[in-house]
Amino acid sequence: MPVSGIDLLGASGLSVRSVFTCPLKALSLAAALWAAGCGTIDTTPINLISQQTPPSSPEYLPDPGDDGSTVVALAFSGGGMRAAALAYGALLELDALAIDDVPYRRTLLDNVRTVAGTSGGSIMAAYLGYKGKDGYQDFRERFLHQNAESSMTTSVSPASLIKTALHGGANDRNTLARWLDDNLFDHATFAALRRQDRPTVWITASDINNNTPFLFTEDTFAALCSDISQMKIAEAVGASAAFPIAFAPMILRTPRTGCNYRRPAWIQRALDAQNPSIRLQAYARALDSYQTNRKLDYVRLLDGGLTDNLGITGLTLQRAASATPYGPLSPREAVRIRNFIFIVTDAGKHSEYEWSRTQIATHLGHVLLAASDTAIAAATRSGFDAVDLALNEWRHDLIRYRCGLSREQVRKQRGTLAGWDCRDVNITTEHLSFRNADAGLFERLNKVPTRLRLSREDVDVVIEAGRQAVRRNANIQRIAKEARSYAPTFDHAEASIALQD
C-alpha cells in the first residue's frame, strides 16, 4: 500500500521496520517464535463457483444520458487512509465545480464515468460507486474519522511474527475486510455497483500466481466461473489493500468443472496478437490460466500496489481490449465528447533517510527499504507515462473515426451540427499529489503515516490538500468552464429531438 516509503508496512500500519533495520534482533527472536505458537489464518476462498454461464463485462462505459461533452475518469492511489482522504478532498472540489443549474444543478462530479482504486484508494473508489454522487459525502465520518485498525494485529510480537512467517501475513479476511463490511459497505455486494447512474468501478489487487494486476470485473470472474455480483465489495477492497506481511493473501478458487465459459473476443485477440500490448496480453494469459492451468487450483491476491499503485490498469486495459477506435466510449459518446480527462490522485510521500547525512556504510535493512522506495517510485512514474502515451494514441484513433463520419451520422448521434469539429476532442491526464497543494503544507503532509487510523487533524489537512490540488489545476478548471458553455447546446438539441419524437 505505501506509495513511497515503508514507515508502517501496508494499510494496517504493522510496524516491522525495527525487524528490517535490526536483523540481529530478528534472529535472536527465533527461539521465542517457535515457542510462542501461532494463530490461524482464514483461507476460505472469497469467490463462489457457479455452473451458470457467467456474465461478461460491459463493452462501453456507462452513459447516463447527459450532454456527453465532458467525460471524467478517476484513479486513486494506494497509501492507507491518507490516500482515501486525498481522494475524498478531490471529490469534494470536483463536486464544487458547477456545470449547469438548469434544469437541475450539475457538477463536474456528475461527469465521472469510471473510478478506479488501489489499496487505500480502492476504499474511496468503491464507496463512490456504492453511494453515488449524492451519498458519498458521509465518507469522512463513516471511515476517515474511524479506527479501521481496531480488529487488526498492528504490532510486532513473537506470536504475530510466527503467524506471519507460517501463514504469509498477520491479518486475514476477518480483520480489515470484515470491518469494512460491517461499518462502511453495509454487507453490499457488487450488484449494488451495477447501476446506470453510477460510474464503472475498477478495484485492483495483484495476482501473485501470475504476477499481474487483478481487476474485479465480470470478465475476470467469468474466467473463474463466478458471478461477481455475489462478491462482497468489502472483500474486494480487502484484497486490494492486502499488503505483504501485514496481510496474508486472499484466496480465489479456480473452476474444476465447466460453466459454459466462452473466452471473450478481446482475450483471444490478445493471445493471438503478434505485436500486442504486453500489459493486455499478460492479463489475458492470467485469465486464461484460471481455465486451462490444471496445476492452478487457487489464486492468491495481495495489495494492488504491487502491480499498479496508481489504479490506472482498468482504463488502460479497457481501451487496449477494445476492437473499435472509440471504445470504451459508445458511438454516441464518441461523437459528443469534447474533453476526456483522467485524474489520478497520488498520495505518495517523499522519503527522507537519516543515514543520508553520513558516508558511513549503512546496514542491509536500510538498503532494502531504500530499494523498495526506489522501485515503487520508478514504477509509479513509468506507469503514469505509459497511460499518458496510451491515451494520446487513443485521441488520434478517435479523431480519425470522427472525421470519417457523414454529417447525417453526426447529426443522429449528436442531435445537432452546431459547433461540430471532428478534430476538436482532447484527452488529457492529470496527476494530483501533495506537491500540487500549498507548498507550506508539504512538510506537514509528508509526515502523515501510511495506516488505517489517523488523527482528525491529519485527515483534515490531507482532505484540504486534495481540494487545493483540484482548485489549482488549470486544465481541470478549463474543462469545467468549457463544460458550462457546451451544456446548453446539447440541452437544446435534446429538447428539439424530444419534440420531434
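Here the structure is a predicted model, which means the values were calculated and not measured.
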Identify whether the distance between the nearest side-chain nitrogen and carboxylate oxygen of D421 and R423 falls below 4.0 Å.
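A salt bridge is absent here (no side-chain N lies under 4.0 Å from a carboxylate O).
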Are R113 and E333 ion-paired here, with the side-chain N under 4.0 Å from a carboxylate O?
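A salt bridge is present here (some side-chain N lies under 4.0 Å from a carboxylate O).
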Exercise: do [X] and [Y] side chains pair donor with acceptor under 3.5 Å:
X    : Y    : result
S226 : N47  : yes
T313 : R279 : yes
Q268 : R263 : yes
T212 : N210 : no
Y290 : D207 : yes
D227 : Q52  : no
T118 : N309 : no
T450 : R82  : yes
N339 : S69  : no
D95  : T107 : yes

How long is the gap from [atom1] on [X] to [atom2] on [Y], to the nearest 0.5 Å?
X    : Y    : atom1 : atom2 : result
D303 : S119 : CG    : OG    : 3.5 Å
L398 : C422 : CG    : SG    : 10.5 Å
I233 : I203 : CD1   : CD1   : 7.0 Å
D63  : D197 : CG    : CG    : 12.5 Å
I479 : I343 : CD1   : CD1   : 7.5 Å
L317 : Y283 : CG    : OH    : 7.0 Å

Has [X] got a side-chain atom pairing as donor or acceptor with [Y]'s backbone, closer than 3.5 angstrom?
X    : Y    : answer
R319 : A390 : no
E218 : P55  : no
Y88  : Q137 : yes
Q281 : A270 : yes
R414 : T416 : yes
D138 : E141 : no
N209 : R300 : yes
R453 : N147 : no
Y130 : A125 : no
N111 : V71  : no

What pair of heavy atoms forms the shortest contact from [X] to [Y], and how long is it?
X    : Y    : result
G117 : S240 : O-OG, 4.1 Å
A90  : T345 : CB-CG2, 4.0 Å
W420 : V335 : CZ3-O, 3.3 Å
R253 : L224 : O-CD2, 3.8 Å
R467 : A96  : NH2-CB, 4.1 Å
A177 : A234 : O-CB, 3.3 Å

Show the numbers, then the answer: is there a salt bridge (Lys or Arg N to Asp or Glu O under 4.0 Å) between R400 and D397?
CA-CA 5 Å; R400 282 194 294 270; D397 292 342; 2.4 Å; yes
Pairwise side-chain contact, [X] with [Y], heavy-atom cut-off 4.5 Å (strictly under):
X    : Y    : value
M231 : F221 : yes
I228 : T220 : no
R198 : L193 : no
V115 : P199 : yes
R451 : E149 : yes
V462 : L144 : no
V72  : D110 : no

Evaluate the salt bridge (Lys or Arg N to Asp or Glu O under 4.0 Å) criterion for residues D186 and R142: first the C-alpha distance (whole Å), next the side-chain angles of each, then the deciding distance (0.1 Å), finally the verdict.
CA-CA 11 Å; D186 310 312; R142 293 196 69 185; 2.7 Å; yes
Given the options D67, L329, D424, I337 meets side chain to side chain contact (heavy atoms under 4.5 Å, CB included) only with L329
Any chance the rings of [X] and [Y] have centres within less than 6.0 Å?
X    : Y    : answer
F139 : F143 : yes
Y127 : Y136 : no
Y326 : W394 : no

Checking side chain to side chain donor-acceptor pair (under 3.5 Å) for the pair D42/T44: CA distance, chi angles, key distance, verdict?
CA-CA 6 Å; D42 187 346; T44 306; 2.7 Å; yes
Parallel under 30°, tilted from 30 to 60°, perpendicular over 60°: which one fits the rings of F190 and F216?
parallel
Report, as yes or no, whether the 6.0 Å neighbourhood of atom CZ on R338 holds more than 12 heavy atoms from other residues, nucleotides or ligands.
yes
